[in-house]
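Here the structure comes first, spelled out in structure tokens, and everything after it is commentary.
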Amino acid sequence: MIATIAIATALAGCAQPGQLGSERSTPDQVPPAPVNPAAAPASAALAVPQLPALLGAGLVDYPVEIRTPGPAMYSVRTSTLPPGGTTGWHAHPGTEATIVTAGAVTIVAQGGCDPVRYNAGDALFVADAVPHLARNDGPGPVELLSDYLLAPGAPDRYDAPPACAA
């Protein structure tokens, strides 16, 4: 009985999710940043960022493995492809993960030359140095949110010869 009370007392002091310096109950409930208008310059009164902001989300519906031989540069970019636009055949000295945030994009990649269409909310992964192209076959613009793990000092992308027949 004494051991049970001791364990219960010890566990009562353990932090539960949301209790480490915050009264919020879940990680996605972020309280607004405190604002002191008198302390802020007039130009700062335009907008107060509410962080974190979810920029996009999508499911990569196949296994993904990421390895780097050493340090890697991480970057995030947005891009827009107009109707009929294409990235051309290219590759990256590292990995790419992309979320389609608007429209639909067609991806053709080496090793699976059948075009694959990704709609808004879909995600895709391109392994290190795999030649691929993205194109917009639709009537409106395609918006993409991409992140990269690239070799430090290397270019973000490089042109690649077509890996699939046209």
Side-chain angles (χ1 to χ4, degrees), residues 10-11 14-33 49-166:
L11 290 176
C14 292
Q16 299 298 314
Q19 291 182 334
L20 298 176
S22 173
E23 294 182 19
R24 60 182 200 245
S25 60
T26 61
D28 59 345
Q29 295 174 340
V30 177
Q50 300 295 312
L51 300 174
L54 179 63
L55 300 177
L59 173 69
V60 176
D61 63 355
Y62 45 87
V64 172
E65 185 174 318
I66 299 173
R67 293 182 190 196
T68 63
M73 291 295 298
Y74 179 75
S75 63
V76 178
R77 296 175 187 253
T78 59
S79 56
T80 301
L81 283 175
T86 180
T87 61
W89 282 97
H90 67 283
H92 307 280
T95 61
E96 171 189 351
T98 295
I99 299 167
V100 181
T101 57
V105 68
T106 300
I107 303 293
V108 181
Q110 179 182 36
C113 291
D114 293 329
V116 179
R117 183 179 171 106
Y118 294 91
N119 297 306
D122 290 340
L124 62 114
F125 178 81
V126 180
D128 180 18
V130 171
H132 61 287
L133 71 80
R135 69 177 185 240
N136 180 354
D137 296 329
V142 171
E143 295 179 15
L144 306 170
L145 177 66
S146 303
D147 68 67
Y148 304 92
L149 280 174
L150 303 174
D156 291 350
R157 65 173 268 167
Y158 53 89
D159 291 338
C164 302

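As a basis for the values below, the full set of heavy atoms in this structure was taken, side chains included, without hydrogen atoms, waters or symmetry mates.
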Is the shortest heavy-atom distance from the side chain of [X] to the side chain of [Y] under 4.5 Å?
X: L81; Y: T87; value: yes
X: R135; Y: V108; value: yes
X: H132; Y: H90; value: yes
X: P161; Y: W89; value: no

Would you name the heavy atoms of [X] and [Y] that are closest together and state the gap between them?
X: T80; Y: P141; value: CG2-CB, 3.9 Å
X: G88; Y: T86; value: N-OG1, 3.1 Å
X: A160; Y: A91; value: CB-N, 4.3 Å
X: D128; Y: P93; value: OD1-C, 3.5 Å

Could you measure the distance from the [atom1] atom of [X] to the [atom2] atom of [Y]? Nearest 0.5 Å is fine.
X: L59; Y: D122; atom1: CG; atom2: CG; answer: 8.5 Å
X: F125; Y: D147; atom1: CZ; atom2: CG; answer: 9.0 Å
X: L144; Y: T78; atom1: CG; atom2: OG1; answer: 9.0 Å
X: Y148; Y: H92; atom1: OH; atom2: NE2; answer: 4.5 Å
X: L145; Y: I99; atom1: CG; atom2: CD1; answer: 5.0 Å
X: T106; Y: L133; atom1: OG1; atom2: CG; answer: 9.0 Å

*Which residues pass the salt bridge (Lys or Arg N to Asp or Glu O under 4.0 Å) test with D159, sequence neighbours left out?*
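Here the qualifying residues are R157.
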
For residues 68-76, dump all side-chain donor-acceptor pairs below 3.5 Å to protein atoms at least two apart in sequence or in another chain.
{"from": "T68", "atom 1": "OG1", "to": "G70", "atom 2": "O", "distance (Å)": "2.9"}

*For the side chain of T95 and the backbone of I66, is there at least one donor-acceptor N/O pair under 3.5 Å apart?*
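Here the side-chain-to-backbone pair does not exist.
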
*Do the side chain of N119 and the main chain of A104 share a donor and acceptor less than 3.5 angstrom apart?*
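It does not hold such a pair.
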
_Sequence neighbours excluded - disulfide (SG to SG under 2.5 Å) pairs with any residue from residues 79-141_ =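 Residue pairs passing disulfide (SG to SG under 2.5 Å), neighbours aside: C113-C164.
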
